[in-house]
Amino acid sequence: ARGPLPDDVRDVRAAVARYHSIEQAQRAGYVFHEAEPCVTAPPAPVPPTGPGTMGIHAVNPALLADPAIDPLRPELLLYVPKDNGELQLVGVEYMRRAADQVPPIDESDRPTLFGEAFQGPMPEHAPGQGWHYDLHVWLFAEHPNGLFAMFNSALSC
């Protein structure tokens, strides 16, 4: 779906537009791991947020370690590879570690941003990540599953 982005989301898009340049993203503290996979939704069962791709994650460790959520400074940038192998910025991901790390997780610290509750709590996907919440925002790509869907069916790896 296309259409005008809400004003607060347009502000994020403007703030992160410089990260179309991988060099700018790296200078700002985002780390690109060579072995980082391009994440796609499992084929079956289809996740509740729909099919599609999440992309390659560039993580800012300093922002990830800080529990504060700053809309203009997302913890992760989302990229997909173009046909020529270069990475294209398609969105951002906000993440916060859950205060409670022992299941069942007390969800009283679930963050919200742009009027959207973060997804989760979910177990760690990478060592040291712990139980966490996250929110994806598809700033530079069509978003048929929704602006805040976990996976984007308009994208592929």
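Just so it is clear, the values below take in all heavy atoms, side chains as well, and ignore hydrogens, waters and symmetry mates. Small disclaimer: the values here were computed from a predicted structure and weren't measured.
- A donor-acceptor pair under 3.5 Å is absent between the side-chain atoms of W138 and the main chain of V90, judged by distance alone.
- Atoms CD1 and CD, from I22 and Q88 in turn, are 10.5 Å apart once rounded to the nearest 0.5 Å.
- Side-chain contact check for L135 versus E116: some heavy-atom pair is nearer than 4.5 Å.
- Considering every non-hydrogen atom in both V9 and L139, the closest pair reads CG1-CD2, 3.5 Å.
- Between P121 and E107 the shortest heavy-atom distance is CD-CD, 3.5 Å.
- For the disulfide bond (SG atoms under 2.5 Å apart) condition, the pairs that include at least one residue of residues 111-157, sequence neighbours left out, are C38-C157.
- Between F114 and F148, the angle of the ring planes stays under 30°, which puts this pair in the parallel group of the 30/60° scheme.
- Between H57 and H33, the ring center distance fails the sub-6.0 Å criterion.
- Considering all non-hydrogen atoms of both residues, E124 and G130 come closest at OE1-N, 2.9 Å.
- Annotation for A98 and Y133: closest pair CB-CE1, 3.7 Å, computed over non-hydrogen atoms.
- Between the side chain of S21 and the backbone N or O of Q24 there is at least one donor-acceptor pair closer than 3.5 Å.
- Atoms CZ and CG, on R13 and L89 in that order, are 10.0 Å from each other to the nearest 0.5 Å.
- No hydrogens or angles considered: nothing links the side chains of Y94 and D70 as a donor-acceptor pair under 3.5 Å.
- By the 4.5 Å heavy-atom criterion applied to side chains, L64 and V59 are counted as neighbours.
- D134 places no side-chain N or O within donor-acceptor distance of the main-chain N or O of R96, the cut-off being under 3.5 Å.
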**Study point:** side-chain contact (heavy atoms from CB on, under 4.5 Å) between Q129 and R97, worked out
**Key:** CA-CA 7 Å; Q129 188 179 56; R97 188 175 161 92; 5.6 Å; no

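- With T53 contributing its side chain and T40 its backbone, the two residues share no donor-acceptor pair below 3.5 Å.
- A pairwise comparison of heavy atoms in F140 and A17 identifies CZ-CA, 4.0 Å as the closest pair.
- Side-chain atoms of D109 and P67, non-hydrogen and from C-beta on, never get closer than 4.5 Å to each other.
- Contact of the V31 side chain with the N60 side chain is not registered, since no non-hydrogen atoms from C-beta on lie closer than 4.5 Å.
- The heavy-atom pair separating L5 from R10 by the smallest distance is O-NH1, 3.1 Å.
- Between the side chain of H20 and the backbone N or O of R18, no donor-acceptor pair lies under 3.5 Å.
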Side chains of residues 72-86: which donor-acceptor pairs under 3.5 Å do they make with residues two or more places apart or in other chains?
from, atom 1, to, atom 2, distance (Å)
E75, OE1, M95, N, 3.2
Y79, OH, Y19, O, 2.6
N84, OD1, E86, N, 2.9

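- The closest donor-acceptor contact from the side chain of R110 to the backbone of F118 lies under 3.5 Å.
- Judged by distance alone, the side chains of S153 and N145 do bring a donor and an acceptor atom under 3.5 Å apart.
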